[in-house]
Amino acid sequence: MSLSRIKDLPEEMMVRIFQMLPGQDLKTMMLVCRAWKVMGEDPTLWTWLKVTVNSREDFLKLKMKRFQLIQEINVGWKFNSKHGSQWKEQDWAELFKVMLPLKKLKGIDGLEFRCINLSFVNPEMLVTVFQRCEELVLSEVMGNKLSLEQSEHLFSAIADNKSNLKKIYLGKESTVGLEPQLFASAVSQVPEVFLYDMRITQEQMVAVFEAIIREEDKSLWKLSMFICTIEDIEPGLVGEALNRLEEVLSDVTYVTRDQIRAILVRAVGEQSKLKRISLYLYSDDGFDHCDPGLLKMAEDKFGRFYHWEEDIDGNSSYEDISEEGDDDNIVE
């Protein structure tokens, strides 16, 4: 039986062989010969790659055939100490236009740390890109400012379950002006939600708690609240809603004595779905009106389920949103 030369193998078979190569070897393969370079442009070979975009000139990378199925890009940090960010408004608008054809895109790393104004980007284009992402940071402090029109478009898409979001960070201008029911419907469709800032209104928070109770098919299972205002909300509503979730974290979000009792009474029962809870108190006198037996049952189930401002260990329920990536999977 004669053996075929490798150049005689069908292109489909060659691509399957290339798919088994480690990333660095795949890059080297592109340099072997022109025929392999052409076959190496197959987008299915590069889905693992994270492409870094440092400037408008780098947008050409995202137009290359081989990168049309990538799932992540990294918006690099180019900052001038005298003039600030080197990115202009038209650069951001063009970036979203270039990202539009990347239908497998799931993440845009680095965008959350720029604190930029995206309100001038076409709402439909911005929402089309964002609803493909699995994680978003929408906050002037931690990320990006949107217009009310953009926010309404985005939250409507999320509420209609038309997004791939698994985690979202919301605060500051991103929630201002949103109708409470729309806000709540969107929040309930995201598995992990981090609410940041007192500008999230009491009406919006009440709507969120009501949606958690009302919607049996909700996706939300983890709710983190940082600098939110909920102390004037009816304790029974707070207690019932939070016990419909698996994980609840509050930091610099004051929970009243009556709310604590309402939460714990349900949390120690068999109907509660809670697996982890961390409540923020101004001091330990938040337990003054709680039955010691109830506190003991809660501690037996959850361990320490509270923290307060004077905690000397400095622990916080706030989760660092930055994660170290695999440098081997990044192309500059």
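Given the structure is predicted, the values throughout are model-derived calculations rather than measurements.
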Would [X] end up clustered with [Y] when hydrophobic side chains under 4.5 Å apart are linked, directly or stepwise?
X      : Y      : answer
Val187 : Ile233 : yes
Leu237 : Leu220 : yes
Trp221 : Ile212 : no
Leu31  : Leu26  : no
Phe67  : Leu45  : yes

Side-chain heavy-atom pair [X], [Y] within 4.5 angstrom cut-off:
X      : Y      : result
Thr253 : Leu195 : no
Met30  : Trp36  : no
Leu62  : Ile73  : yes
Asp58  : Thr52  : no
Trp92  : Val75  : yes
Phe209 : Val206 : no
Gln189 : Asp160 : no
Ser272 : Lys301 : yes

Find the distance between [atom1] ([X]) and [atom2] ([Y]) and round it off to the nearest 0.5 Å.
X      : Y      : atom1 : atom2 : answer
Leu223 : Phe194 : CG    : CZ    : 10.0 Å
Asp232 : Thr256 : CG    : OG1   : 9.0 Å
Ser224 : Tyr169 : OG    : OH    : 7.5 Å
Arg66  : Glu41  : CZ    : CD    : 4.0 Å
Met225 : Leu249 : CE    : CG    : 8.5 Å
Ile263 : Leu274 : CD1   : CG    : 8.5 Å

Phe96 and Phe130 aromatic ring geometry - parallel, tilted or perpendicular at 30°/60° bounds: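 Correct class here is perpendicular.
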Geometric class of the Phe302/Phe305 ring pair [parallel <30°, tilted 30-60°, perpendicular >60°]: perpendicular
Under 3.5 Å, sequence neighbours excluded: what are the donor-acceptor pairs made by side chains of residues 146-158?
residue : atom : partner : partner atom : Å
Ser147  : OG   : Gln150  : N            : 3.1
Ser147  : OG   : Gln150  : OE1          : 3.4
Gln150  : OE1  : Ser147  : N            : 2.8
Gln150  : NE2  : Leu118  : O            : 2.8
Gln150  : NE2  : Val121  : O            : 2.7
Ser151  : OG   : Ser147  : O            : 3.2
Ser151  : OG   : Ser174  : O            : 3.4
His153  : ND1  : Glu149  : O            : 2.9
Ser156  : OG   : Glu152  : O            : 2.7

Please report the shortest heavy-atom distance between [X] and [Y], naming the atom on each side.
X      : Y      : result
Leu9   : Ile17  : CD1-CD1, 4.2 Å
Ser250 : Val255 : OG-CG2, 4.2 Å
Ile108 : Leu105 : CG1-CD2, 4.1 Å
Cys133 : Leu136 : CB-CD2, 4.2 Å

Derivation and outcome, side chain to side chain contact (heavy atoms under 4.5 Å, CB included), residues Glu247 and Leu245: CA-CA 6 Å; Glu247 191 165 329; Leu245 305 176; over 6 Å; no
Non-neighbouring partners of Thr28 that pass side chain to side chain donor-acceptor pair (under 3.5 Å), sequence neighbours left out: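 So Thr28 forms no side chain to side chain donor-acceptor pair (under 3.5 Å) with any residue.
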Tell me if a side-chain donor or acceptor on [X] pairs with a main-chain N or O of [Y] at a distance below 3.5 Å.
X      : Y      : result
Asn164 : Glu134 : no
Gln131 : Lys162 : yes
Arg132 : Leu100 : yes
Arg16  : Glu12  : no
Thr175 : Gly171 : no
Ser185 : Leu182 : no
Glu240 : Ile213 : no
Trp46  : Lys65  : no
Gln204 : Leu178 : yes

Worked check of salt bridge (Lys or Arg N to Asp or Glu O under 4.0 Å) between Glu94 and Lys88: CA-CA 10 Å; Glu94 181 65 20; Lys88 307 302 180 184; over 6 Å; no
Derivation of the side chain to side chain contact (heavy atoms under 4.5 Å, CB included) call for Leu102 and Gln68: CA-CA 6 Å; Leu102 305 179; Gln68 294 309 295; 3.8 Å; yes
Is the number of heavy atoms from other residues, nucleotides or ligands under 6.0 Å of [X] [atom1] greater than 12?
X      : atom1 : answer
Glu234 : CD    : yes
Gln90  : CD    : yes
Arg244 : CZ    : yes

CA sep, side-chain torsions, deciding dist, call: Val252, Phe226, side chain to side chain contact (heavy atoms under 4.5 Å, CB included): CA-CA 6 Å; Val252 200; Phe226 184 69; 3.8 Å; yes
Chi angles and distances behind the side chain to side chain contact (heavy atoms under 4.5 Å, CB included) call for Tyr254, Gln259: CA-CA 10 Å; Tyr254 179 59; Gln259 289 172 338; over 6 Å; no
Distance-only side-chain donor-acceptor flag, Asp42 / Thr44, under 3.5 Å: yes
